[in-house]
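To start, the structure under review is shown below, and the notes come after it.
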Amino acid sequence: MDKLVHEINNPLLPVAGATIDEQQLWSRIQETLGPKLLETEELLHDFTLSNVPIMQELLDHISGSRGKRLRPILLLLSAGFKPANDYLLIKAAAAVELIHTASLIHDDIIDESSERRGRATLNAGFGNSSAVLAGDFLFARAFELLALCGDFELNKLLTRAVGTMCEGEIEQRNCSYNFQLTEEQYLRNIYRKTAALMEVCCSSGARLSKLEDNALQQFEAYGRNLGYAFQIIDDVLDITGDPSVTGKPVGNDLREGTVTLPVIYVLQDPQWGSYLEEVISAGDFSSRSLDFLLQPSCIEGPVAKAVEKAALYARGARECLRDFENNPSKTILEDIAGYVLQRKR
Ligand code: FPP
Ligand code: MG
């Protein structure tokens with residue numbers, strides 16, 4: 001399956017007609033948030049310490065493959081429009097990263113995934129029981145941090161988002177091998193499992209900087225739209241991504257019978273739809289039987305259509321920021337919406 005990946009023309013479209021220079025974007029994030037990100041890292045380090053050596057071994061394995069820190073970045077940038085209490089902000093930023101990491105650990109157990117961020121998953125390396133407990137540990141530490149914030153509403157919003165993520169994840173499982181899954185059902189699932197947390201990251205940042213209710217809703221909507229775009233691209237990368245860049249094997253979703261947006265579009269194709277249904281139902285995920293999916297005539301249209309949908313959400317996200325003053329946080333948030341579309345990992 002991998003060999004055909006690079007033959008596909010990259011259909012990812014820039015959101016505002018310009019390609020976002022990823023390196024430059026991360027430099028601007030560093031310039032704008034540098035000390036806050038550093039403090040968030042320190043807190044993440046302190047809150048992933050355990051006196052129990054086996055737990056520490058698991059935590060070290062997780063820390064060895066850090067992600068992009070997108071959720072704390074979103075929270076900190078959304079607080080960049082009015083002065084905020086940094087003490088609370090940093091704790092909330094670290095908490096959302098811990099929630100996200102815990103959710104990925106649990107997701108890998110559920111998906112029986114063997115690789116993430118280029119490394120063995122906890123479940124693959126240490127077994128399911130240890131992985132569940134390490135996820136629970138991080139999850140508990142996240143809420144310890146939130147308790148330290150002493151902000152009842154923040155606590156409520158994030159706790160609710162976690163419940164929503166669990167609902168999304170179980171709904172997705174419940175929809176496995178459902179080849180009749182509609183685009184609407186798919187969007188509902190990805191809202192729950194992915195967009196709900198991004199939504200609350202942005203609204204939390206805005207809340208902590210005491211923005212008014214209507215402004216807060218704009219940030220919430222930015223995070224929600226970004227979350228949809230992010231997950232649709234994630235689902236595209238599951239098919240067309242380069243595993244050496246994404247850090248995870250291609251075709252995970254197909255193996256799980258997870259019907260994603262590009263797959264929904266392939267299923268709608270009169271020529272390829274029934275063939276794909278047969279392959280997934282038969283559970284034959286050998287490279288030979290899946291190669292057809294990567295033939296440009298099969299996948300290019302559905303992928304381009306899915307990317308167009310993601311671009312619509314990314315544009316929606318940018319639109320939500322229209323009324324706010326121009327400042328570095330705003331332009332970075334706008335560019336993150338563009339980056340999410342062109343990301344390769
Ligand atoms: C990755 O999606 C997983 C999620 C976005 C959310 C998973 C949520 C839970 C397991 C429930 C919440 C649990 C806790 C402890 C907070 P994906 O499988 O599409 O992406 P992937 O390809 O990166 O695995
Ligand atoms: Mg997964």
Side-chain angles (χ1 to χ4, degrees), residues 58 62 65-68 70-71 74 95-124 128 131-146 155 157-176 181 186-201 223-224 226-243 245-264 306 310 340 343-345:
L58 298 168
I62 302 159
S65 58
R66 46 169 286 179
K68 299 181 276 289
L70 179 59
R71 287 148 194 88
L74 290 176
V96 295
E97 183 63 18
L98 291 177
I99 292 173
H100 169 62
T101 310
S103 79
L104 292 184
I105 293 171
H106 284 186
D107 178 67
D108 286 335
I109 299 166
I110 295 165
D111 291 354
E112 297 176 30
S113 298
S114 55
E115 207 183 324
R116 180 177 293 279
R117 297 172 183 162
R119 301 187 79 194
T121 53
L122 272 194
N123 47 300
N128 282 350
V132 171
L133 291 165
D136 289 345
F137 181 89
L138 293 183
F139 191 45
R141 285 286 161 97
F143 283 91
E144 188 182 334
L145 276 168
L146 286 174
N155 227 310
L157 288 172
L158 272 157
T159 313
R160 189 151 275 273
V162 173
T164 304
M165 290 164 79
C166 294
E167 289 170 338
E169 190 81 358
I170 203 163
E171 265 290 64
Q172 175 178 289
R173 268 203 91 63
N174 199 34
C175 295
S176 295
L181 189 82
Y186 162 83
L187 291 171
R188 199 161 47 233
N189 291 349
I190 68 166
Y191 164 71
R192 289 178 173 145
K193 76 166 190 174
T194 303
L197 183 60
M198 295 204 186
E199 181 181 79
V200 80
C201 285
R224 182 168 58 246
L226 188 80
Y228 278 115
F230 184 93
Q231 187 60 47
I232 294 171
I233 297 301
D234 207 67
D235 293 341
V236 165
L237 289 174
D238 187 73
I239 300 172
T240 65
D242 176 346
V245 180
T246 62
K248 37 190 186 188
V250 285
N252 261 350
D253 293 334
L254 291 171
R255 263 182 286 276
E256 284 296 295
T258 302
V259 178
T260 59
L261 194 58
V263 169
I264 289 177
V340 155
R343 75 193 178 94
K344 308 279 189 294
R345 66 189 171 97

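Nothing fancy with the numbering, it's 1 onward along the sequence. Atoms within a ligand are numbered from 1 in the order they appear, just like the ligands themselves.
- Here Phe230 pairs with nothing under the ring-ring contact (aromatic ring centres under 6.0 Å, His included) rule; sequence neighbours left out.
- With salt bridges taken as basic N to acidic carboxylate O contacts below 4.0 Å, none links Arg116 and Asp111.
- The His106 neighbourhood of ligand 1 comprises atoms 10 (C), 15 (C), with distances under 4.0 Å to a heavy atom of that residue.
- Ligand 1 lies less than 4.0 angstrom from a heavy atom belonging to Asp234.
- Of all the atoms in ligand 1, the ones that sit under 4.0 Å from a non-hydrogen atom of Cys166 are 11 (C), 12 (C).
- The residues Arg343 and Asp234 are annotated as salt-bridged, a charged nitrogen and a carboxylate oxygen being separated by less than 4.0 angstrom.
- Remark: ligand 1 atoms within the under-4.0 Å shell around heavy atoms of Thr194 are 5 (C).
- At least one side-chain heavy atom of Asp136 sits under 4.5 Å from a side-chain heavy atom of His106.
- Contacts of Asp111 with ligand 1, taken as heavy-atom pairs under 4.0 Å, involve the side chain alone.
- Between Leu138 and the options Leu98, Leu58, Ile99, Leu104, a side-chain contact (heavy atoms from CB on, under 4.5 Å) holds for only Leu98.
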**Request:** Could you check Ile170 against Asn174 for side chain to side chain contact (heavy atoms under 4.5 Å, CB included), going step by step and ending with a plain yes or no?
**Result:** CA-CA 6 Å; Ile170 203 163; Asn174 199 34; 5.8 Å; no
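- Note: an N/O pair closer than 3.5 Å links Asp107 and ligand 1 by distance alone.
- In this structure, atom 7 (C) of ligand 1 lies nearest to the protein heavy atom Glu169 OE1, 3.3 Å.
- The shortest side-chain heavy-atom distance between Leu226 and Leu74 falls under the 4.5 Å cut-off.
- Residues Glu256 and Arg173 form a side-chain contact, since some pair of their non-hydrogen atoms from C-beta on lies under 4.5 Å apart.
- For Glu112, the CD atom sits in a loose shell: 12 or fewer heavy atoms of surrounding residues, nucleotides or ligands are nearer than 6.0 Å.
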**Request:** Let me see the working for Arg192 and Gln172 under side chain to side chain contact (heavy atoms under 4.5 Å, CB included), right down to the final yes or no.
**Result:** CA-CA 10 Å; Arg192 289 178 173 145; Gln172 175 178 289; over 6 Å; no
**Message:** If you apply the rule side chain to side chain contact (heavy atoms under 4.5 Å, CB included), what do you find for His100 with Leu197, and how did you get there?
**Reply:** CA-CA 8 Å; His100 169 62; Leu197 183 60; 4.2 Å; yes
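- Numbered from 1 in the order shown, with element, the atoms of ligand 1 that lie under 4.0 Å from a heavy atom of Val162 read 16 (C).
- At least one heavy atom of Gln231 sits closer than 4.0 Å to an atom of ligand 1.
- Checking Leu181, Ile232, Ile190 one by one against Leu261, the side-chain contact (heavy atoms from CB on, under 4.5 Å) holds for a single residue, Ile232.
- Heavy atoms of Arg116 come nearer than 4.0 angstrom to ligand 1 in at least one pair.
- With hydrogens left out, the protein atom closest to atom 21 (P) of ligand 1 is Lys248 NZ, 3.4 Å, a heavy atom.
- Nearest non-hydrogen protein atom to atom 10 (C) of ligand 1 is Ser103 O, 3.5 Å.
- Summarising the contacts of atom 6 (C) of ligand 1 with Met198, Arg173, Lys193, the nearest heavy atom is found in Lys193.
- Among protein atoms, those of element N, O or S found less than 2.8 Å away from the Mg ion (ligand 2) are Asp107 OD2, Asp111 OD2.
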